[in-house]
Protein chains: 2
Amino acid sequence: MSEEASNTKLKILELGDDFLRSRGFNSFSFKDISDELGLKKAAVHYHYPTKEDLGNEIINKAKERLKSFIASVDGTEKNEWQKLSDFLEFYAEYLQEEHICLIGSVGAEFYTLPDTMQENAKQFIASAVGWLTDLLELGKNKGIFQFNGEPDARALMILSNMSGGLLLARMFGDDQFSKIINGVKQSLMN
Amino acid sequence: MSEEASNTKLKILELGDDFLRSRGFNSFSFKDISDELGLKKAAVHYHYPTKEDLGNEIINKAKERLKSFIASVDGTEKNEWQKLSDFLEFYAEYLQEEHICLIGSVGAEFYTLPDTMQENAKQFIASAVGWLTDLLELGKNKGIFQFNGEPDARALMILSNMSGGLLLARMFGDDQFSKIINGVKQSLMN
DNA sequence: GTCTATACGCTGATAGAC
DNA sequence: GTCTATCAGCGTATAGAC
């Protein structure tokens with residue numbers, strides 16, 4: 001039935017997302033996906049004709065995840081400090097599945113990816129930078145954050161801490177990522 | 001003659017290093033290398049029997065580069081601030097060749113790599129963390145750096161800034177990396 | 001929606017001639 | 001040291017049956 005069909009499509013997408021962020025785009029294949037789901041490669045191609053299609057849907061899904069996060073946090077009474085803390089936790093959760101974020105997975109192979117994926121990923125990450133920049137600026141104006149320099153430079157620093165931190169955690173353990181999160185928070189207090 | 005032979009071997013190594021840090025380990029092939037050098041795949045296999053061999057030599061070369069950097073800086077009158085500044089510049093130079101560092105390139109595909117490469121990369125990056133930690137500790141004790149928290153947490157933060165910053169620079173331009181470098185310096189002054 | 005069958009180039013790797 | 005030849009397997013992708 002059509003419900004199961006769309007269930008397959010969703011499973012493919014989720015598995016693709018898993019593979020992308022655990023191995024990299026060029027290190028998984030449609031066969032990996034079909035094997036894991038107990039079907040044939042052709043079935044995967046039915047749902048996502050090309051790997052580029054799948055890749056873009058994975059990025060689109062990440063955009064939605066970010067949108068959901070923002071909605072879940074901006075529509076509340078939380079102050080800027082709590083929102084930032086939630087944002088950092090959003091990244092920390094990746095560790096549970098041994099994932100890195102799209103900055104790392106897409107960035108490392110950036111020049112090998114189809115143009116549409118490069119553009120799509122840029123948009124996604126730019127919106128994260130934008131939201132974080134606004135948060136930092138507002139929080140600084142309110143006196144909740146203390147830091148020198150421009151909010152957008154700080155946003156880039158924090159995102160590099162998150163993306164780079166997830167990479168380092170793979171080699172040196174999750175506790176190293178915790179140190180980075182604590183360091184980021186500390187850097188906004190003093 | 002044997003000089004040209006070892007020249008080929010060196011060219012393969014340098015090209016492999018270039019490919020690894022611009023595309024990723026699973027996104028270049030022996031054919032890419034042989035094509036670029038105007039020879040056949042078999043010739044590449046003669047110098048590096050397996051891709052794993054080549055990969056490990058690339059990492060070994062990175063170890064030497066780091067060693068050279070440290071030697072060039074620790075054997076001088078430079079103070080800790082200047083050494084740190086040189087270290088950050090060491091990363092900034094990657095931008096000229098559109099490279100990322102090994103934390104990014106190896107980290108993103110970490111679980112797909114042979115065990116020997118994973119171990120080798122860990123060693124390399126651990127030694128960078130170690131040197132930077134010592135530098136930060138010494139500089140803090142001398143009053144050259146001002147920061148809260150442990151030196152090793154700071155070292156991880158700075159390395160995540162560098163590795164993540166190189167990834168972000170691919171998407172948003174080299175000037176974004178400059179902002180991060182300035183931010184890192186600022187974070188050690190206030 | 002999923003299957004079989006097929007296409008064809010690329011992959012890492014080896015054997016043996018020059 | 002480099003070559004030709006060859007290998008088995010995998011890569012993305014398509015055509016057409018069920």
Side-chain angles (χ1 to χ4, degrees), chain A residues 1-20 22-59 105-106 108-109 111-118, chain B residues 1-20 22-59 105-106 109 111-118 120:
Chain A
M1 45 192 110
S2 78
E3 270 189 44
E4 301 212 4
S6 97
N7 194 16
T8 295
K9 186 166 188 174
L10 184 62
K11 282 181 182 169
I12 293 169
L13 185 60
E14 287 175 345
L15 201 50
D17 182 37
D18 175 31
F19 284 148
L20 173 59
S22 58
R23 306 185 190 177
F25 193 68
N26 296 325
S27 301
F28 78 88
S29 69
F30 275 33
K31 185 174 181 296
D32 292 329
I33 292 177
S34 60
D35 281 352
E36 182 99 6
L37 296 181
L39 27 87
K40 301 297 169 182
K41 283 192 297 177
V44 179
H45 278 286
Y46 168 78
H47 293 288
Y48 299 97
T50 70
K51 203 179 176 186
E52 181 175 0
D53 293 326
L54 175 58
N56 275 311
E57 284 306 308
I58 295 170
I59 297 170
S105 54
V106 169
E109 299 178 301
Y111 300 123
T112 75
L113 301 177
D115 289 348
T116 58
M117 284 183 67
Q118 296 189 199
Chain B
M1 46 191 108
S2 79
E3 270 191 44
E4 302 213 3
S6 98
N7 195 16
T8 295
K9 185 166 189 175
L10 183 61
K11 281 180 183 170
I12 292 169
L13 184 60
E14 287 174 346
L15 201 49
D17 181 38
D18 175 31
F19 284 148
L20 172 60
S22 58
R23 305 184 191 178
F25 193 68
N26 296 324
S27 302
F28 78 88
S29 70
F30 275 35
K31 185 174 181 295
D32 292 329
I33 292 177
S34 60
D35 281 352
E36 181 99 8
L37 295 182
L39 29 87
K40 300 297 169 183
K41 280 195 299 175
V44 179
H45 278 285
Y46 167 78
H47 294 287
Y48 298 97
T50 70
K51 205 179 175 186
E52 180 175 359
D53 292 327
L54 175 59
N56 275 312
E57 283 307 307
I58 295 170
I59 297 170
S105 55
V106 170
E109 298 178 301
Y111 300 124
T112 75
L113 302 177
D115 289 348
T116 58
M117 283 183 67
Q118 296 189 198
N120 205 1

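Note that the structure is a prediction, hence the values are computed from the model and not measured. Letters A, B, ... are given to chains in the order of the sequence lines, protein chains preceding strands, and every chain is numbered from 1.
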Ignoring hydrogens and angles, tell me if any N or O in the side chain of B:Lys51 forms a donor-acceptor pair with the backbone of B:Phe25 under 3.5 Å.
yes
Could you state the CD1-C1' distance from B:Ile12 to D:dT2, rounded to the nearest angstrom?
11 Å
Is a side-chain donor-acceptor pair under 3.5 Å present for A:Asn26 with B:Asn26?
no
Please, which pairs that meet salt bridge (Lys or Arg N to Asp or Glu O under 4.0 Å) have at least one residue in residues 24-35 of chain B, sequence neighbours excluded?
B:Arg23-B:Asp32, B:Lys31-B:Asp35
It should be established whether B:Tyr46 places a side-chain nitrogen or oxygen under 4.0 Å from OP1 or OP2 of nucleotide D:dG1.
yes
Provide the closest heavy-atom pair for A:Ser27 versus B:Glu109 in the form atom of the first, atom of the second, distance.
OG-OE2, 3.4 Å
Ignoring the backbone of B:His47, work out which of C:dT2, D:dA13, D:dG1 is nearest its side chain.
D:dG1
Can you tell me how far P of D:dG11 sits from CG of B:Asn26, to the nearest Å?
11 Å
Is the phosphate of C:dG1, meaning OP1 or OP2, less than 4.0 Å from a side-chain N or O of A:Thr8?
no
Would you say A:Leu13 and A:Lys9 make side-chain contact, with heavy atoms under 4.5 Å?
no
Side chains of A:Phe28 and A:Asp18, heavy atoms from C-beta outward: is any pair under 4.5 Å?
no
Interatomic distance where OH belongs to B:Tyr48 and P belongs to D:dT2 [whole Å]
12 Å
What parts of residues 28-45 of chain B reach DNA chain D, counting only heavy atoms under 4.0 Å away?
B:Leu39, B:Lys40, B:Ala42, B:Ala43
For B:Phe25 and C:dT11, give me the distance from atom CZ to atom P, rounded to whole Å.
13 Å
